[in-house]
Amino acid sequence: MSAPRGWSTTTCGQCGELRPCHRKILEQRVCQRCMLRFRRTAKPCPGCGQLKVLAFYDPQRRPACAGCTGHEPVYACPSCGREDSPFGRHCGPCTLRQQLTELLTDPTGDIHPKLQPVFDALMAGPRPQTTLYWLTRASARPDILRDMARGELEISHAAFAALPATRSVDYVRDLLAALGVLPPYQLAVERIVPWLRELLTDLPKPHAEVIDRFARWQLLRRLRLLGERDRVTRGGVQHARAAVLGAARFLRWLDEHNATLATATQAQLDDYLVSHPGRGRSLKVFLDWTQRSGVGSDLHVPGAERPLPQVTLSDQRRWQQVERLLHDDDIRLYVRIGGLFMLLFAQPLARICRMRADQITTEPDGAVTVTFDAAPIQLPDPLDRLVLDQLARRGQASYASRPDRWLFPGGLPGKHLVTENIRSQLVALGIRPSAARKAAMFDLAARMPVPILAELLGLSTNTATRWAALAARDWSQYAAMRRA
Ligand SMILES: [Zn+2]
Ligand SMILES: [Zn+2]
Ligand SMILES: [Zn+2]
């Protein structure tokens, strides 16, 4: 390799070491390493006001850019001329543009039209270097995008379903769904499909057929509808799986007792439920469906009387927890707010996690309100300030999930925080979400008429009534005690 022009070993003007120095910065010879470091420190030039590498003196002996001092623009990107985002021989944006173009080009030589939103979103990220780093990691699976652009892999959920289910694959899939390239989907719901396929292969054919229909037309259909409104919970997915297993077990039991869905009697079902306690709930969905769809006879799982809710958290303990979340700066901000929404307004964590930023409003007089359901509630000080802080901090989420609408953005692009994240941190603080929420509900129910409670908290009137009944019962007992 021939030495570059101006090559000479001398003492570097920046680090003081004896090295080959072939460029001058502020009239001092510097080594390659110091030059590379210096070129990442663009500042506003006193001559032109632009962000430039100030490696030269102007006539007033101020550090200034090459253009303003009549020097070769050695720090400028050869494509676009900018000096403030160096990356390799070009700048970050030009390198990213070139690499994304290469990645997303279809066989005609243009960016695949369906993948144009991916190009636009990744180009718009605040730090091209971060995206460039992602593109260099094979384990991050950018090759999926290339194969899709070239037509070697279909741009569909089915294509993703056939790939190994890793975090990286899910990330690319989530990215495409968040950008509208793929329709919205719920990972937990779609994972039921391969699980179901496997389970059905082990069942007798007639059983497999009826359960397949039940799963597709009842369970998955309902979950996907909920998914479109982003209302799928982990419990809902587990319940669907339990319903499939419950149906399979019941059909096997019927086989063993020489019966079928069409011939089974209510007495047989009662026998089954007595000899298998706890199976009624998961079986009920299946039997309701077989009845509606005409597959089975008229079988009825007796519904258990819904007991009144239990409250196990004392009021004093609850206010201690509120106090701590309001004032302890060592707890993560979103955990404090999530916990407070639960302890003060009885909101379930799953619903808190999918709150949108536009549910928070600042009124002209400075009051901050939150709308959980229909009516806004004014936030007390200092909770209002915590919430405004959270709104301001959201912008620091990872690049791909930036332009989104969630109050608590999650780690995945376009997704909100997962419930488990807040839940585990609250439990670590000694706050048990279900007890905390029930205590809040109890307190509110004692203070508010049912319709207002239902409207403020987004409860069904039935639920609000059950809580009001509990609060009233305790209140009347308390009143009776006082009179005695
Ligand atoms: Zn040096
Ligand atoms: Zn300048
Ligand atoms: Zn450039």
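The basis for the numbers below is simple: all heavy atoms, side chains too, and nothing from hydrogens, waters or symmetry mates. We're numbering straight along the sequence, starting at 1. In listed order, ligands and their atoms are each counted from 1. All figures in this text were calculated on a predicted structure; none of them were measured in a lab.
For CZ of Arg39, the number of neighbouring non-hydrogen atoms (other residues, nucleotides, ligands) closer than 6.0 Å is greater than 12. For CD of Glu198, the number of neighbouring non-hydrogen atoms (other residues, nucleotides, ligands) closer than 6.0 Å is 12 at most. Shown here is Trp195, whose CH2 atom has more than 12 heavy atoms of other residues, nucleotides or ligands within 6.0 Å.
Within the 2.8 Å limit, His90 places no N, O or S atom next to the Zn ion (ligand 3).
Around the Zn ion (ligand 1), protein atoms of type N, O or S found under 2.8 Å number 4.
Between the SG atom of Cys91 and the SG atom of Cys94, the angle centred on the Zn ion (ligand 3) amounts to 100° when rounded to 10°. Between SG of Cys68 and SG of Cys48, the angle at the Zn ion (ligand 2) works out to 110°, rounded to 10 degrees. The Zn ion (ligand 2) lies at the vertex of an angle of 110° between the SG atom of Cys45 and the SG atom of Cys65 (rounded to 10°). Our summary of the site lists the angle at the Zn ion (ligand 3) between SG of Cys80 and SG of Cys77 as 110°, to the nearest 10 degrees.
Of the charged side-chain nitrogens involved, at least one lies within less than 4.0 Å of a carboxylate oxygen, so that Arg216 and Asp212 count as a salt-bridged pair. Ion pairing between a basic and an acidic side chain is recognised when a charged N comes within 4.0 Å of a carboxylate O; Lys24 and Glu27 show no such pairing.
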Give the table of side-chain donor-acceptor pairs shorter than 3.5 Å for residues 176-193, with sequence neighbours excluded, one pair per line with atom names and distance.
from	atom 1	to	atom 2	distance (Å)
Tyr185	OH	Asp174	OD1	2.9
Gln186	NE2	Gly227	O	3.4
Gln186	NE2	Asp230	OD1	3.4
Glu190	OE1	Arg224	NH2	3.0
Glu190	OE2	Arg224	NE	3.1
Arg191	NH2	Asp170	OD2	3.0

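With no hydrogens or angles considered, no side-chain donor-acceptor pair links Gln390 and Arg393 at under 3.5 Å.
Shown are His90, Arg89, Arg97; of these, the side-chain hydrogen bond (donor to acceptor under 3.5 Å, both in side chains) with Ser79 is made only by His90.
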